[in-house]
Amino acid sequence: MLDGCTPWPEEFAARYRAAGYWTGETFGEFLRERARRFADRVAVVGAGQRWTYAELDARADAMATGLARLGIASGDRVVVQLPNIPELLEVVFALFRLGALPVYALPAHRGSEITHLCATTGAKALVVTDRHGGFDYRSMVEGMRRQGTAPELVLVAGEAGGHVPLDRARAESPDPAVYAAADPADVAFFQLSGGTTGLPKLIPRTHDDYLYSVRASAEVCDLGPDTVYLAALPAAHNFPMSSPGFLGVLHAGGRVVLAPNPAPETALALVETERVTITAVVPPIALLWLDAVEHGTQGGRDLSSLRVLQVGGAKFAPEAARRVRPVLGCALQQVFGMAEGLVNYTRLDDPEQVATTTQGRPLSPADEIRVVDDADRPVPDGEVGHLLTRGPYTIRGYYRADAHNATAFTDDGFYRTGDLVRMDASGNLVVEGRAKDQINRGGEKVSAEEVENHILAHPAVHDAAVVGMSDPYLGERVCAYVISRSAPPTRSELLRFLRERGLAAYKIPDRVEFVERFPATGVGKTSRRELRRELSRRLDAPR
Ligand code: J2J
């Protein structure tokens with residue numbers, strides 16, 4: 001395995017192969033085989049283009065040949081930072097053909113993260129777009145150039161400025177001599193750990209382990225050639241990539257529609273015109289869609305093609321979850337996953353109660369789950385504890401991170417997810433929050449998610465985020481950030497509402513802040529970390 005990575009112990013690898021989880025298929029072969037089987041079907045739609053499977057395959061060959069001529073070879077790392085455009089698929093499959101390793105950056109990343117990714121992986125090249133979402137990636141690259149941190153080779157989709165235009169990298173005719181066979185047990189690419197503040201850690205994923213999660217996810221989500229999947233989230237994120245994401249859809253011979261952004265007017269228009277059957281969003285986006293259809297401008301849309309809305313990435317409050325079916329007319333599937341591996345799904349035939357109040361159960365029968373206390377002892381069934389996991393598609397270590405790995409994994413290879421969960425009577429996991437997000441108010445533990453769910457029940461509230469603020473007496477107190485729909489309730493009215501719902505006194509927010517929007521992570525989750533930071537800046541500021 002690539003230097004700097006932690007392999008699965010041989011006995012585990014053997015077991016995963018024997019069970020048929022690891023099949024020895026590589027990403028290069030994956031597209032080739034699908035292109036043969038589904039040649040004339042449309043594989044990807046986006047940015048005014050529609051490519052069949054055969055076209056995507058041919059483009060990957062032409063791009064691979066061009067990239068090889070520019071010096072990219074087997075084993076090289078290439079940071080790919082592209083928005084939802086078909087070229088994202090073309091470039092990553094071209095890299096797979098060469099045996100080169102994509103490093104998946106998100107469009108929201110900026111110079112500091114991209115510099116870190118390039119440096120940590122020793123990237124040979126960087127692929128960006130010209131502009132997206134009001135940001136000019138060429139000027140980011142120029143800033144890196146001035147500091148000497150940009151790779152020599154920078155390819156740009158669109159107007160390239162002084163860099164190599166991606167459109168010109170494609171060779172006229174492909175040269176199979178440049179293709180390199182990859183080892184299925186070795187690293188295929190790097191995913192990133194979540195969060196926008198703090199530098200992301202690199203997650204090495206192998207062909208064997210990732211393709212297993214893709215195949216199994218496609219099955220759980222009942223994908224087939226008739227599937228039309230809308231990638232509304234940034235497609236390089238693990239959720240829209242593999243749970244089942246665009247890779248699951250390509251596995252099944254379906255169609256991937258790329259949305260430039262997840263705004264309701266953009267994404268729901270695509271659901272209507274492309275007859276989308278399944279899509280995936282984070283909770284803040286789900287709330288925007290629900291409100292836009294129920295109270296806003298999107299009420300007239302024909303969303304009848306939509307069968308499944310997947311929601312994941314952060315806790316989806318039951319109060320909001322219950323609105324999905326009546327408002328959007330489709331099933332809700334909760335997805336609790338992580339780029340490090342483990343993915344849990346509520347199943348499509350689960351009772352509504354399970355789908356709206358739990359985060360599902362593991363994808364694989366070989367996923368091992370432990371729910372433990374602070375001393376790593378198992379907690380009794382149904383009680384809240386830290387979630388540890390290991391399995392056939394969960395990494396055993398971050399890339400080049402020995403010191404961090406020593407605490408992020410147990411001695412016997414379980415990944416410490418940092419999530420607090422409990423296993424409910426139906427065998428499904430309920431996420432109670434991030435261990436770091438739990439508020440300790442003078443010894444009383446407050447779950448941010450629980451309080452948020454109660455605030456969300458108020459008819460004038462659009463979204464809520466609860467964080468701890470430091471306090472000299474209690475250690476921490478509870479602060480609620482609230483986005484209201486139109487006229488905000490008064491503070492005292494909101495607090496009365498919470499008391500009337502029977503919320504314990506110590507959970508009633510000590511402070512309420514009405515804001516227009518929340519800071520978000522690269523994939524669009526509400527960033528409680530950033531909110532805490534903002535709050536402590538505000539509390540420290542002289543009054
Ligand atoms: C509560 N917390 C959740 C959920 C993730 C599928 C779906 C999501 C991700 C993802 C992913 C949650 N309820 N439904 O990679 O393949 C929080 C947990 C988890 C962290 C992982 C996928 N779904 N979370 O979000 O690597 O705290 O992956 O540990 O970005 O998000 O974040 P990330």
### Task
For Leu531 and Thr526, run side chain to side chain contact (heavy atoms under 4.5 Å, CB included): C-alpha distance rounded to whole Å, both residues' side-chain angles, the deciding distance at 0.1 Å, then the answer.
CA-CA 9 Å; Leu531 276 175; Thr526 300; 4.3 Å; yes
### Task
Could you give me the CA-CA distance, side-chain angles and deciding distance for Lys315 and Asp437, then say whether salt bridge (charged side-chain N to carboxylate O under 4.0 Å, His left out) is met?
CA-CA 12 Å; Lys315 176 73 176 252; Asp437 288 336; over 6 Å; no
### Task
Begin from the C-alpha positions of Arg485 and Glu294 and carry the test salt bridge (charged side-chain N to carboxylate O under 4.0 Å, His left out) through to its verdict.
CA-CA 12 Å; Arg485 280 221 177 92; Glu294 199 176 15; 5.5 Å; no
### Task
Begin from the C-alpha positions of Val311 and Val282 and carry the test side chain to side chain contact (heavy atoms under 4.5 Å, CB included) through to its verdict.
CA-CA 5 Å; Val311 181; Val282 290; over 6 Å; no
### Query
Where do Leu342 and Tyr393 land on the side chain to side chain contact (heavy atoms under 4.5 Å, CB included) test, with the steps shown first?
CA-CA 7 Å; Leu342 178 70; Tyr393 60 98; 4.0 Å; yes
### Message
Could you go through Arg422 and Val371, starting from their C-alpha distance and side-chain angles, then the distance that decides it, and tell me whether this counts as side chain to side chain contact (heavy atoms under 4.5 Å, CB included)?
### Response
CA-CA 7 Å; Arg422 73 185 154 78; Val371 184; 5.9 Å; no
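A distance of 6.0 Å separates CG of Asp350 from CG of Asn428, quoted to the nearest 0.5 Å. Interatomic distance, Leu67 CG to Met63 CE, rounded to the nearest 0.5 Å: 6.0 Å. Remark: Ile455 CD1 to Glu450 CD distance equals 11.0 Å, nearest 0.5 Å. Distance check: Thr23 OG1 to His207 NE2 gives 11.5 Å after rounding to the nearest 0.5 Å. The line from NE2 of His251 to CG of Leu211 is 9.0 Å long, rounded to the nearest 0.5 Å. The line from OG1 of Thr394 to CG of Leu388 is 11.5 Å long, rounded to the nearest 0.5 Å.
The backbone N or O of Ala231 sits less than 3.5 Å from a side-chain atom of Asn84, completing a donor-acceptor pair. Under a 3.5 Å cut-off, the side chain of Gln334 and the backbone N or O of Thr346 do not form any donor-acceptor pair. Remark: the backbone N or O of Trp22 is not paired with any side-chain donor or acceptor of Asp208 at under 3.5 angstrom. Between the side chain of Trp289 and the backbone N or O of Pro262 there is at least one donor-acceptor pair closer than 3.5 Å. Glu530 contributes no side-chain N or O that, together with a main-chain N or O of Ser527, makes up a donor-acceptor pair within less than 3.5 Å. At distances below 3.5 Å, not a single donor-acceptor pair connects side-chain atoms of Asp291 with backbone N or O atoms of Leu288. The closest donor-acceptor contact from the side chain of Arg77 to the backbone of Val103 lies at 3.5 Å or more, if one exists at all. Side-chain atoms of Tyr137 come within 3.5 Å of backbone atoms of Pro107 as a donor-acceptor pair (strictly under, hydrogens ignored). Put simply, the side chain of Thr358 gets close to the backbone of Gly360: a donor and an acceptor are under 3.5 Å apart. Side-chain N or O atoms of Arg347 include none that pairs as donor or acceptor with a backbone N or O of Cys221 at under 3.5 Å.
Contact detail for Glu87 and Trp51: the closest heavy-atom pair is N-CH2, 3.9 Å. When every heavy atom of Pro200 is checked against every heavy atom of Leu117, the shortest pair comes out as CG-CD2, 4.3 Å. When all heavy atoms of Pro240 and Ala235 are compared, the closest pair comes out as CG-CA, 4.0 Å. Between Asp130 and Asp136, the shortest heavy-atom contact is O-OD1, 3.3 Å. Listed here is the closest heavy atom pair of Leu270 and Pro260: CD1-CD, 4.3 Å. In terms of heavy atoms, Arg97 sits closest to Leu31 at NH2-CB, 3.9 Å.
Few gaps surround CZ on Arg110; more than 12 heavy atoms of other groups in view lie less than 6.0 Å from it. Atom CD of Gln49 sits in a crowded spot, with more than 12 heavy atoms from other residues, nucleotides or ligands closer than 6.0 Å. The number of heavy-atom neighbours closer than 6.0 Å to CD of Glu265, taken from other residues, nucleotides and ligands shown, is above 12.
At least one side-chain heavy atom of Leu258 sits under 4.5 Å from a side-chain heavy atom of Pro86. In this structure, Arg255 and Val45 have side chains that are in contact, with non-hydrogen atoms separated by less than 4.5 Å. Within the 4.5 Å cutoff, no side-chain heavy atoms of Leu363 are placed close to those of Asn344. Side-chain contact between Thr279 and Leu306 is present, with at least one heavy-atom pair separated by less than 4.5 Å. Between Val127 and Val79 the shortest side-chain heavy-atom distance does not fall below 4.5 Å. The shortest side-chain heavy-atom distance between Val281 and Phe316 does not fall under the 4.5 Å cut-off. The side-chain heavy atoms of Val430 and Thr357, taken from C-beta on, include no pair separated by under 4.5 Å. In this structure, Thr129 and Gln81 have side chains that are not in contact, with every pair of non-hydrogen atoms separated by 4.5 Å or more.
No donor-acceptor contact under 3.5 angstrom links the side chains of Asp40 and Thr52, judged on distance only. Residues Tyr21 and Asp209 have side chains that never bring a donor and an acceptor to within less than 3.5 angstrom of each other. The closest side-chain donor-acceptor pair between Ser426 and Asp424 falls under 3.5 angstrom. Checked by atom type, the side-chain pair Arg138/His163 shows no donor-acceptor distance below 3.5 Å. Side-chain N/O atoms of Ser364 and Tyr212 include a donor and acceptor closer than 3.5 Å.
Contact check on Arg37 versus Glu33 returns a salt bridge, with a Lys/Arg side-chain nitrogen under 4.0 Å from an Asp/Glu carboxylate oxygen. A salt bridge links Arg275 with Asp302: at least one charged nitrogen is closer than 4.0 Å to a carboxylate oxygen. Salt-bridge annotation for Glu90 and Arg170: present, with a side-chain N of the basic residue lying under 4.0 Å from a carboxylate O of the acidic one. Between Glu340 and Lys201, none of the side-chain N atoms (NZ, or NE/NH1/NH2) sits under 4.0 Å from a carboxylate O, so this pair counts as no salt bridge. A salt bridge does not link Arg323 with Glu352: none of the charged nitrogens is closer than 4.0 Å to a carboxylate oxygen.
Close placement of the Phe189 and Tyr104 rings is indicated, their centers lying within 6.0 Å of each other.
Every side-chain contact (heavy atoms from CB on, under 4.5 Å) that Glu29 has, sequence neighbours left out, goes to Glu25, Thr26.
Both tests do not hold together for Arg215 against Phe30: distance to the six-membered ring centre under 6.0 Å, angle to the ring axis within 45°.
Counting only residues at least two apart or on different chains, the side-chain hydrogen bond (donor to acceptor under 3.5 Å, both in side chains) pairs with a member in residues 216-236 are Ser217-Tyr345.
The aromatic rings of Phe96 and Phe27 sit parallel, their planes meeting at an angle under 30°, below the 60° perpendicular limit.
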